[in-house]
Structure formats: structure tokens, C-alpha cells
Protein chains: 2
Amino acid sequence: MARDGTQTRNRILDSAFALALEKGLAATSLDQVIGNADITKGAFFYHFKSKEDLALALVRHVAELDRQQTEAMVKRVEELSRDPLQQVLLACSLTADLVAPSEPNPGCLFASYCYQGDLWSEDARKICETSFRAQAAWIEGKLKQAVKKHNIKPPVSPAQLAQMFLSVFEGAFVLARTYNDASLFRKQIFAYRDMLEALFTAR
Amino acid sequence: MARDGTQTRNRILDSAFALALEKGLAATSLDQVIGNADITKGAFFYHFKSKEDLALALVRHVAELDRQQTEAMVKRVEELSRDPLQQVLLACSLTADLVAPSEPNPGCLFASYCYQGDLWSEDARKICETSFRAQAAWIEGKLKQAVKKHNIKPPVSPAQLAQMFLSVFEGAFVLARTYNDASLFRKQIFAYRDMLEALFTAR
DNA sequence: TATACAGTACCAACTAGTCGGTATAACTAA
DNA sequence: TTAGTTATACCGACTAGTTGGTACTGTATA
């Protein structure tokens, strides 16, 4: 073995991630990724065989980070409360705190990809879809438990409400960017939270 | 006067719009825009002085189209019902119908721009923000009227609910693209509608 | 007779990607 | 111990092609 290459690989990934959120990967040249990572072209093409390869590796990387983060959050939330509805509400609050109000480029890599045809390969799409489905499935499951436990019939199905979490999540990023105000993200997630609470508490 | 140039100009705009939604304007070359519009380079640079100029003109163009569409919708909705809440609910239904379930590239130009640094100039941002604010303001106003009329205190403020419409709207596009299923847009808008109705009806 | 193009030839800057070479470190055989 | 071997990790000049944009001539239209 020679010196450990995973460090360099991660530097490239981190560099590409930051630039992708800042200006979109399609509009970012490899030279910029390379410069930002403070490596050379040779190093880049040693680790990735093309820009497309990098794009795919990046979305895989981010999906894995998300999975770990979600896993940890679920664990914390299930320790904090035994009530399924409360668990979901807590998860919303923790999610809202993920984006600092001063964040200059709040956003989701998946959303960034899906509006840039080059990167939006079928492979990339599936990775994003899987990631989304996993998150929605957890919320849906908890809400179904809440329906049973509280013996309530919400006006919108748990499945639709779970998807709406993702909609609000993604939409809040777009709003935050358009209004140039990252705090909007937090506010929207909390609005969703409050709304959920009301739907399952009222009556 | 010679022949009317607005036709050609609109052809360019339409071409760029379609390509922007399909693969993002940043990843689209001028040659593609020109080829798609079936004109020549000379014609393009007669109407637009640069790609940036086109990008700005396009977002302005789309914002104007949106404004007209919204204006017409508001008019229809206010004819159909006198109740402010019902007007908002109707507006949701009409909005849901704007995207055909078979639409190959459902999406919002504004969202597409905001994830592509090149195009995301301060000028473009302001145009999107103004467009968003106008829509949210109408919903917020109607919901405030509904609060008074029905003498109800919703768990989330009209302002937040109005912004949530935009969040769901934008997020639904991202979901539709990620799940590769345009019908998700309609479903999410209806879910928002049903939720709104429940919040203002319950108790 | 100015406008609104078509057409084409061209350019400098940038792009993704290649290629020959080098540095490092672990393994191997004398 | 050490000289030689090998694989990995990386360097950076280079290239072929694309990009946005220019320049200029020609022509149909109102």
C-alpha cells in the first residue's frame, strides 16, 4: 500500500459538494473542483474516471451521509419519546435545526441534480428516490401508529402527509434561496410540524 | 418597420424555456437554443446581447406569464365563490390541474434557476421573489379573511400557510422529478388543499 | 430605406479528458 | 540488511473539441 487515497477522494467529494450547492455541478468545471480541493488534475482522474462518475459518486456519498444522519436522529427521537406522533414532531424540530439561519447556500443536492439534465441520470435518480422513500416510510409508519393510538381519522392520509414533509423540506430550500433568507427553512419546517400536531390533536 | 421581430424573439424564449426545464439553462448551449428555435446565430444575437441577457429576459417573460395566469385564476375563483376559504381551495384545485400527469419535465423555472449559480443573479432573484410574494400575498389575504369570517384561530398563521403553499408547490415538482411521476404534483397540491380545509373547518 | 433577419466564417477562452512521468511505501529475495 | 520489485497515489503539461460571442455580407419585408 502507498499513502491513503481515501483522504484525497473525500477532499474531492467535499469540494464538489460545496460547489454543487453554491452554483450547481453542471455549471462547475472540473478545474474549479480541483482547485477548490487543492489537488491536481492527475489526482482527480485517478479517483474518478469522468465528471459523470464524480456526479454519481457524490450523490451516492451524500445519500449515505443522509442515511446515517437520519438513523441517528431516529434513534435519538425514539429515546426521547414513546409516542409515535411526538416522535415525528421531534424529528421535525431536529430537522429544522439542521440548517443554520446564516447558511449562505441552503439546499439539497438531490434537488440541485434534478434540475440539471446532465447529472440527472437514471442511476442518480434512483439513489435520490430510495433516499426519499426511506424517510417518507418512517414518517408514514409513525403516523399510522398515531392514527391507531389516538383513534383519529386525519383529513389527509399518513402517506400523503409523509410525502408532504419532503415537499415542504425541498420547497423550503427553494423559498430560502429565492427570498435570500435561510431562516425561512426553519420556519416552514416548524409550520409543517405545528400543522401536523393540530391535525392529530384537534377534535 | 420591417417584419415583426417579436415572433422570432418569442420563438427563442419558448425554445430556451423548454430546454431550461428539460436540462437546465446552464447545461444548455446557445447552439442548442438556436437549433431548437430553428433560427440562426445572427438572429439570436440580434435579439439578445448575451446568454445572461437571455436568461434574465426568460425569467422576466415567465414571471409575466405567471402573473397573467394567476390574475385570470383569481378572477375565475372569485366568480365561483364568495367565501374566501373556498376561493383558496378552488385556487389549489386549479393549480393542481396546471401540470398534466403525463408531463415529462414538470418543474418551475425559478427553482431551476436558483440551483444554477450562473443564472442566479441578484436581478433574477428579485424577479422570482416578487412573483412568489404576489402569490403568497393573495393567499394570505384570503386566509386572514377566512379567520375573521369563520372566527377560527388556526394553529399556523395565514402568512406561514401561504408560504407553505409555495413550499409544497416547489417541493412537489422536486418529488415528481425524483419519483419520475408527474401525478405526484397533483396529489401533493390536493393534500395541501385538504389539509387547509381541515384546519379551517375543524372544531 | 431602415428593420429583421439568414448565413457563414472566425476567435479566444475554456472544457473534459489524456498521457508520460514521479514519489511513496509495502513486499520480496539475496 | 538491503537492493530490487511492484502497486498505489499523484503531478502537470498537453490536446481535441466546445463554448459564448463577433464580424460581416446578403436579402426579404414593411
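In what follows, every chain begins at residue 1, and chains take the letters A, B, ... in the order their sequences are listed.
As a whole-Å value, the separation of Y46(A) OH from dG17(C) P is 19 Å. Summarising the geometry, the separation between CG on L119(A) and P on dA16(C) is reported as 11 Å, rounded to the nearest angstrom. Atom CD1 of I34(A) and atom P of dC14(C) are 15 Å apart (whole Å). At whole-Å resolution of the value, CD in Q32(A) and P in dA13(C) are 17 Å apart. The CG-P distance, from L30(A) to dA13(D), rounds to 18 Å in whole Å. As rounded to whole Å, 19 Å separates atom P of dT8(C) from atom CZ of F44(B). The separation between Q7(B) atom CD and dT29(D) atom P is 13 Å, rounded to whole Å. If you take CG of L25(B) and C1' of dT19(D), they are 14 Å apart, rounded to a whole angstrom.
Residue pairs meeting the ring pair (Phe, Tyr, Trp, His ring centres under 6.0 Å) criterion with at least one member in residues 71-101 of chain B, sequence neighbours excluded, do not occur.
When the salt bridge (charged side-chain N to carboxylate O under 4.0 Å, His left out) test is applied to D53(B), no partner is found at least two apart in sequence or on another chain.
The shortest distance between side-chain heavy atoms of E71(B) and R67(B) falls below 4.5 Å.
Under a 4.0 Å N-O distance rule, the pair E140(A)/K144(A) qualifies as a salt bridge. Between R186(A) and E103(A) there is no salt bridge, since none of the side-chain N atoms of the basic residue sits less than 4.0 Å from a carboxylate O of the acidic one.
Residue K41(A) places a side-chain atom within donor-acceptor reach of the base of dA16(C), judged by atom type and a 3.5 Å distance cut-off alone.
Using a 4.0 Å heavy-atom criterion, one finds that T40(B) contacts the bases of the nucleic acid, with or without backbone contacts as well.
Within the 4.0 Å cut-off from OP1 or OP2 of dA4(C), not a single side-chain nitrogen or oxygen of T8(B) is found. Under 4.0 angstrom from either OP1 or OP2 of dC5(C) there lies at least one side-chain N or O belonging to H47(B).
Of the two residues contacting DNA chain C, namely A26(A) and G42(A), the nearest-nucleotide position lying further toward the 5' end is that of A26(A).
Across all non-hydrogen atoms, the minimal contact from A43(A) to T8(A) is CB-CG2, 4.5 Å.
Closest contact between the side chain of F45(B) and the listed nucleotides dT22(D), dA4(C), dT18(C) involves dT22(D).
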Please walk me through it: do E170(A) and F173(B) pass side chain to side chain contact (heavy atoms under 4.5 Å, CB included)?
-> CA-CA 9 Å; E170(A) 292 297 337; F173(B) 279 131; over 6 Å; no

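Near DNA chain C, meaning a heavy atom under 4.0 Å away, there are no residues from residues 48-62 of chain B.
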